[in-house]
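Everything quoted here is computed from the prediction, not taken from an experiment. Note: hydrogens, waters and symmetry copies are ignored here, and every other heavy atom, side chains too, is used.
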Amino acid sequence: MLQRTSNDARSVKPLNRIQENLVARNERRLLNYLCERLPAWVMPDHLTGLAVFAAFVIGLGYILSWYDPNWLWMSVGFYFVHWFGDSLDGSIARYRKIERPRFGYFIDHSMDALGTMMMLVGMGIGPYVRLDVALFALTGYFLLSMHTFLAARVLGEMKLSYIAAGPTELRMLLIAMTIAMWATGWREIAPTDVTPFDWLVGGVATILTLLFVGQTATTARRILREGEAPRA
């Protein structure tokens, strides 16, 4: 495991984390409970790696559902593993006061992007969602992530939820959708067919894209309102 270096210990202005999703308060209680009970040898890097592995298994479950829809239960189970690793890596670092503001920020969000890609590409290769629709959802996720990281740089704020929903609510939606996939039973779907799951994933992708456009306009107006004058 990579250790903290002197470069990573440079003073970094802390971000104002904004999290207003529906389950945020109860989720924080649960995370604090888990942080108090995790063994000392479990480190943030271990949890980040666990989340990436879980994302790979989730995507694999969707692909294997071509052969047997029961593989979807593997994806469902590993969504919980993904939540555990992805939610606890930063939480345990803050709880133990071992944050690495530069390294942790960089690795955590880089691995989040990789994990999301593996999950959505796996879903698109599987039989229930078209690949182009899954890639549209991935594009929407990347766009909104880009806005979040840019806003963190120019405003000093890390917005972790939009319209009262964050990563946990999105996982809950994906779990429900995956169980619905299993309940429909397996059938071969032609590449040109459009399923209800395509409409759902495409709808989420559209919302993410519109949020990116709206939040970009809002942030730009805020920056100008706060007094940044154009250069001559």
Under a 4.5 Å cut-off applied to non-hydrogen side-chain atoms, are [X] and [Y] in contact?
X: Lys97; Y: Glu99; value: yes
X: Val42; Y: Leu47; value: yes
X: Phe136; Y: Thr206; value: yes
X: Thr139; Y: Phe212; value: no
X: Cys35; Y: Arg96; value: no
X: Arg153; Y: Phe149; value: no
X: Thr184; Y: Phe197; value: yes
X: Leu114; Y: Met118; value: yes

State whether the number of non-hydrogen atoms from other residues, nucleotides or ligands found under 6.0 Å of [X] atom [atom1] is greater than 12.
X: Phe80; atom1: CZ; answer: no
X: Phe142; atom1: CZ; answer: yes
X: Met177; atom1: CE; answer: yes
X: Trp199; atom1: CH2; answer: no

For the student: nearest non-hydrogen atoms of [X] and [Y], plus distance:
X: Ile98; Y: Pro44; result: CD1-CD, 3.9 Å
X: Gly61; Y: Ser75; result: CA-OG, 3.3 Å
X: Arg171; Y: Tyr79; result: CD-O, 4.0 Å
X: Ala205; Y: Ala137; result: CB-CA, 3.4 Å
X: Ser65; Y: Pro127; result: OG-CD, 3.1 Å

Item to check | Audit row: Met123, Leu174, side chain to side chain contact (heavy atoms under 4.5 Å, CB included) steps and yes/no | outcome: CA-CA 10 Å; Met123 184 184 294; Leu174 290 171; 3.9 Å; yes
Checklist entry - Which pairs, with at least one residue in residues 201-224 and sequence neighbours excluded, count as a salt bridge (charged side-chain N to carboxylate O under 4.0 Å, His left out)? => result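 Of all non-adjacent pairs touching residues 201-224, those that pass salt bridge (charged side-chain N to carboxylate O under 4.0 Å, His left out) are Glu157-Arg222, Arg222-Glu226.
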Nearest 0.5 Å please: distance from the [atom1] atom of [X] over to the [atom2] atom of [Y].
X: Ile92; Y: Leu38; atom1: CD1; atom2: CG; answer: 5.0 Å
X: Trp66; Y: Tyr128; atom1: CH2; atom2: OH; answer: 9.0 Å
X: Asp132; Y: Asp198; atom1: CG; atom2: CG; answer: 7.5 Å
X: Glu36; Y: Tyr95; atom1: CD; atom2: OH; answer: 4.5 Å
X: Asp108; Y: Asp89; atom1: CG; atom2: CG; answer: 4.5 Å
X: Ser87; Y: Leu34; atom1: OG; atom2: CG; answer: 9.5 Å

Next on the checklist: Hydrophobic cluster membership, with links at side-chain heavy-atom distances under 4.5 Å among I/L/V/M/F/W/Y: are Ile223 and Met146 in one?
Outcome noted: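 Ile223 and Met146: separate clusters.
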Checklist entry - In the single-linkage hydrophobic clustering (I, L, V, M, F, W, Y; side-chain heavy atoms under 4.5 Å), do Met74 and Ile179 co-cluster? => result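 Yes: a chain of side-chain contacts under 4.5 Å links Met74 to Ile179.
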Item to check | Ile58, Leu72, Leu173 screened by side-chain contact (heavy atoms from CB on, under 4.5 Å) with Thr178, the one that passes | outcome: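 Filter result, single survivor: Leu72.
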Give a yes or no on whether the backbone of [Y] and the side-chain of [X] come within a donor-acceptor separation of less than 3.5 Å.
X: Thr219; Y: Thr216; value: no
X: Asp86; Y: Ala51; value: no
X: Thr218; Y: Gln215; value: no

Item to check | side chain to side chain contact (heavy atoms under 4.5 Å, CB included) assessment of Glu27 paired with Glu169 | outcome: CA-CA 11 Å; Glu27 183 180 24; Glu169 285 81 5; 5.9 Å; no
Item to check | Trace of the side chain to side chain contact (heavy atoms under 4.5 Å, CB included) decision for Leu120 with Leu135 | outcome: CA-CA 7 Å; Leu120 286 174; Leu135 292 178; over 6 Å; no
Next on the checklist: Centroid separation under 6.0 Å, is that true for the rings of Phe78 and His82?
Outcome noted: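 Not close enough - the centres of the two rings lie 6.0 Å or further apart.
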Checklist entry - Without hydrogens or angle criteria, can the side chains of Asn26 and Arg29 be said to hold a donor-acceptor pair below 3.5 Å? => result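 Yes, Arg29 and Asn26 have a side-chain donor paired with an acceptor closer than 3.5 Å.
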Item to check | Worked check of side chain to side chain contact (heavy atoms under 4.5 Å, CB included) between Thr116 and Leu138 | outcome: CA-CA 7 Å; Thr116 303; Leu138 183 63; 4.0 Å; yes
Checklist entry - Parallel, tilted or perpendicular: which describes the rings of His46 and Trp41, with under 30° parallel and over 60° perpendicular? => result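 Answer is tilted, since the angle falls between 30° and 60°.
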Item to check | Contacts of Leu211 that satisfy side-chain contact (heavy atoms from CB on, under 4.5 Å) - sequence neighbours left out | outcome: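 Leu211 satisfies side-chain contact (heavy atoms from CB on, under 4.5 Å) with Leu144, Tyr162, Ile163, Ile207 only.
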